[in-house]
Undergrad: 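This is the structure I have questions about; it appears just below.
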Amino acid sequence: MAAGVAAWLPFARAAAIGWMPVANLPMPVAPTNKNKHQDEIIILNVSGRRFQTWRNTLDRYPDTLLGSSEKEFFFNEETREYFFDRDPDVFRSILNFYRTGKLHYPRYECISAYDEELSFFGIIPEIISDCCYEEYKDRKRENIERLMDDLEDKKDSKLPNMTFRETMWRAFENPHTSTMALVFYYVTGFFIAISVTTNVIETVPCSSMPNQRDVPCGERYTEAFFCMDTACVMIFTVEYLMRLFAAPSRYRFMRSVMSIIDVVAILPYYIGLVMTNNEDVSGAFVTLRVFRVFRIFKFSRHSQGLRILGYTLKSCASELGFLLFSLTMAIIIFATVMFYAEKGSSSTKFTSIPASFWYTIVTMTTLGYGDMVPKTIAGKIFGSICSLSGVLVIALPVPVIVSNFSRIYHQNQRADKRRAQKVQKARLARMRISKSGSSSAVLHSKRNGLNQSLELTGSLEEDQQLKKTTSLLESQHHHLLHCLEKTTNHEFVDERLYEQGYLQTALQNFPSQSPSLSSEEGITGTCCSRRTKKNIQALSATHSHTHNLQELSALHIQCGEQHPLNTRLALSVSTEGVSTCKLHIWSIISNQALISVK
Amino acid sequence: MGALMVIFSLQTKQRRKMTDSVEDELELSAARHRPEALEQLEAQTRFSRKELQILYRGFKNECPSGVVNEDTFKEIYSQFFPQGDASTYAHFLFDAFDTDHNGSVSFEDFVMGLSILLRGTVQEKLNWAFNLYDINKDGYITKEEMLDIIKSIYDMMGKCTYPTLKEETPRQHVEIFFQKMDKNRDGVVTIDEFIDCCQNDENIMKSMQLFENVI
């Protein structure tokens, strides 16, 4: 119960007079306020700054330091005030919590200092109000991450008991951990560079003789290039195999992007080795050599920026896809228009609409090669419109990619949404907890027999002793709920007992021999209902096989809990229609759980 | 030409600002409410000065603007009944407290109501209860009105009760009530029948004195 509404408890109790004429039973005795002393102002001296408040204000939360008798430890007899040697700035928020019922987290305050103050004064951080809760959780998470980063750095320095495999994997992932890893890192980088360079130089024409035809260097020095290629591929293969061996989860490693790039980089070589025998597939072999250029992507292991770029493109794939789609639409429109505009003119290059695609793309991207130009006036008009609109359309993708890039740097939306969802879920959970807390407190005090002794005809001596366990506010609230129970002649119970009682009334309903399935459909709203319905169907199926119902001695219905309930559960089954099966009840004691029906 | 444009834009801005401020003021005055002086309230109710002070402090804490509207009222009242749905009964209570029917309960309304409930004579309390049950304030409690009230009270219990709530329980309760109260069997309960009957019922009399010392 929030503190603010504690002030309205007298009103709620007074309004209970509205129930009195309707009630049929006598009402319980109200708890008396024995401390009839006037509400006094108490002084809290926090490191020299004096705060003053009513004693009742602090008594609102009896399970905190200030609300309980724990504060007497800090009472200073000479000055008649409570002295706390703590931070007065944070104490401001804590005292405001008592006054308003809402705990706020000031943004300028350090998160760990605030946490310490809260734990000193016995306040759990979960009751921080919604306006400040997200900020608090963010800061707390950052703090925890920072601590974990520190821990990780410390972890990186030395870990004695790591298997050889784990050391290797760590060496691959973090090259700066050991010298061997660094050497390996640079060696692979060097060979990637060599491989890419040879691939490039292979195609450069180097003339052997001045009057001979220029041939690419690759065909002149075939053996040299072949040796280079072999060396690089051997290094890459060894590296790949070592990574495969060291990976903690080989399957996941094989599916990762980097390993696919590795495989694609070295595969052409091996395929080429196999395929040199067949002449007809040499064309395909040439195509495969193109894939050797993918070796350059291996550099992304060496460069963080490349990885971020790749991730950016992946994350804004949908925006880019939409852009591509709209561009395609524009291209088709303009190509069609240009084709029909230029159809009339003679010797036109716009021979078909697909042929006009090239013109449209070149014009929209403001390239303007000039290999295709419109000759008619209409063509020129539409051509200029095309180029103007192209300028606009091309300006669109850049901000998209830029914004995505910055988004990734500042914790992208997916993490925010996840956090927001968690916040929402946590908020609902907190509300549920506070609600169930207050209602369970009522039931708890009931079970303690507190209210039983407060009957109108009961004695007043015992309740004076029992009252020490709950605060006056709580006992007044419980008295109010007890009056409501008496008015309606029903009692509050918790969920479990409610479901037991419900199934018991289903048992009681049976003797009337009314075989309508609709009576079972009345069992709604409980978690057992769906299961009991399923049980009905399952059991009616088995029933058609068995005549003797007494054989089925136990049925264990799981009402969402894994441990067996010690209850007498009743199941009434009815079958409709032309079946000759009659109504039966199975009365089962759960000590023998034979069948567990899900 | 440019000067004309500038002057024109300035004028519209000023006019907009004036209308805005007037609207703001109106909004502000509607939201705030200051109660009558302490002496006046002391004279009108049966509370002492100190009690009025305590009451006002609690009231103002929860409603800084000085008035409670129905939604806030329902929210506050629902906090006391976590297991059930107290909004319907809170609605009836709100109507009973809002004596001038202006849609909001000010501190005066609040304190007058509490004065009757806590410090009033039995007659006044029964009068107040009758006023609560008589939803359309026509002087008669019909069975439908009573059914609404009783249903709202049962709603506050919530779902998890023992024995479980059945559909006809509120109706039965209404029948019992009418059997007790409706002397001339005309289907409605008037204020005299109500007060008469309650004064003859020992349980009800005793329970009316229950909340004497709430403040």
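Below, each value reflects all heavy atoms present in this structure, side chains not excepted, and no hydrogens, waters or symmetry copies. All values reported here derive from a predicted model rather than from experimental measurement. The sequence lines fix the lettering, A, B, ..., with proteins before strands; numbering per chain opens at 1.
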Undergrad: For residues Pro21(A) and Lys180(B), report the shortest heavy-atom separation together with the two atoms involved.
TA: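 Closest approach of Pro21(A) to Lys180(B): O-NZ, 4.4 Å.
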
Undergrad: Who wins among Phe194(B), Tyr154(B), Phe59(B) for the most heavy-atom pairs under 4.5 Å with chain A?
TA: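 Of Phe194(B), Tyr154(B), Phe59(B), Tyr154(B) has the most heavy-atom pairs under 4.5 Å with chain A.
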
Undergrad: Which region of Phe97(B), side chain (C-beta onward) or backbone (N, CA, C, O), has a non-hydrogen atom less than 4.5 Å from a non-hydrogen atom of chain A, or is it both or neither?
TA: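 Answer is side chain: those atoms of Phe97(B) sit under 4.5 Å from chain A.
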
Undergrad: Hey, would you say the Phe11(A) and Phe80(B) ring centroids sit under 6.0 Å apart?
TA: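 That pair fails the under 6.0 Å test.
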
Undergrad: I'd like to know whether the aromatic ring centres of Phe492(A) and Phe81(B) sit less than 6.0 Å apart in this structure.
TA: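 Judged by ring-centre distance (under 6.0 Å), Phe492(A) and Phe81(B) do not meet the cut-off.
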
Undergrad: Which value, rounded to the nearest 0.5 Å, describes the distance between Glu485(A) atom CD and Met156(B) atom CE?
TA: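 That separation rounds to 12.5 Å.
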
Undergrad: Side chain, backbone, both or neither: which part of Ile116(B) has an atom under 4.5 Å from a heavy atom of chain A?
TA: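 Answer is neither: Ile116(B) stays 4.5 Å or more from chain A.
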
Undergrad: Drop me the distance from Thr161(B)'s OG1 to Asn489(A)'s CG, to the nearest 0.5 angstrom.
TA: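 So the OG1 of Thr161(B) and the CG of Asn489(A) are separated by 10.5 Å.
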
Undergrad: Chain A heavy atoms under 4.5 Å from Tyr89(B): which part of the residue, side chain, backbone, both or neither?
TA: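 Side chain only.
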
Undergrad: Rounded to the nearest 0.5 Å, what separation is found between the CD1 atom of Ile17(A) and the CG atom of Leu126(B)?
TA: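 Answer rounded to 0.5 Å: 9.5 Å.
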
Undergrad: For the NE2 atom of His173(B) and the OG1 atom of Thr487(A), what is their distance to the nearest 0.5 Å?
TA: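 His173(B) NE2 to Thr487(A) OG1: 7.5 Å, rounded to 0.5 Å.
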
Undergrad: For Leu132(B) versus Gly18(A), what's the shortest heavy-atom pair and its separation?
TA: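 Nearest pair, atom of Leu132(B) first, then Gly18(A): CD2-CA, 3.8 Å.
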
Undergrad: Met146(B) vs Val22(A), test: side chain to side chain contact (heavy atoms under 4.5 Å, CB included). Steps then yes/no.
TA: CA-CA 9 Å; Met146(B) 206 57 217; Val22(A) 184; 3.7 Å; yes

Undergrad: To the nearest 0.5 Å, what is the distance between CD1 (Ile153(B)) and CG (Leu484(A))?
TA: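 If I round to the nearest 0.5 Å, the distance is 7.5 Å.
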
Undergrad: Looking only at heavy atoms, what is the nearest atom pair of Ala15(A) and Tyr77(B), with distance?
TA: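 It is CB-OH, 4.3 Å.
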
Undergrad: Taking it one step at a time, do Thr169(B) and His490(A) satisfy side chain to side chain contact (heavy atoms under 4.5 Å, CB included)?
TA: CA-CA 10 Å; Thr169(B) 317; His490(A) 286 68; 3.5 Å; yes

Undergrad: Does CD in Glu168(B) sit with more than 12 non-hydrogen atoms of other residues, nucleotides or ligands closer than 6.0 Å?
TA: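 Counting neighbours around CD of Glu168(B), more than 12 heavy atoms of other residues, nucleotides or ligands fall under 6.0 Å, so yes.
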
Undergrad: Could you look at Ile149(B) and say if it's the side chain, the backbone, both or neither that has a heavy atom under 4.5 Å from chain A?
TA: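 Contact with chain A is absent: no heavy atom of Ile149(B) under 4.5 Å.
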
Undergrad: If I measure from the heavy atoms of chain A, does Phe178(B) come under 4.5 Å with its side chain, its backbone, both, or neither?
TA: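 Nothing of Phe178(B), per the 4.5 Å heavy-atom cut-off to chain A.
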
Undergrad: Given a strict heavy-atom distance threshold of 4.5 Å, which part of Val68(B) is in contact with chain A: side chain, backbone, both, or neither?
TA: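 For Val68(B), the contact with chain A is made by the side chain alone.
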
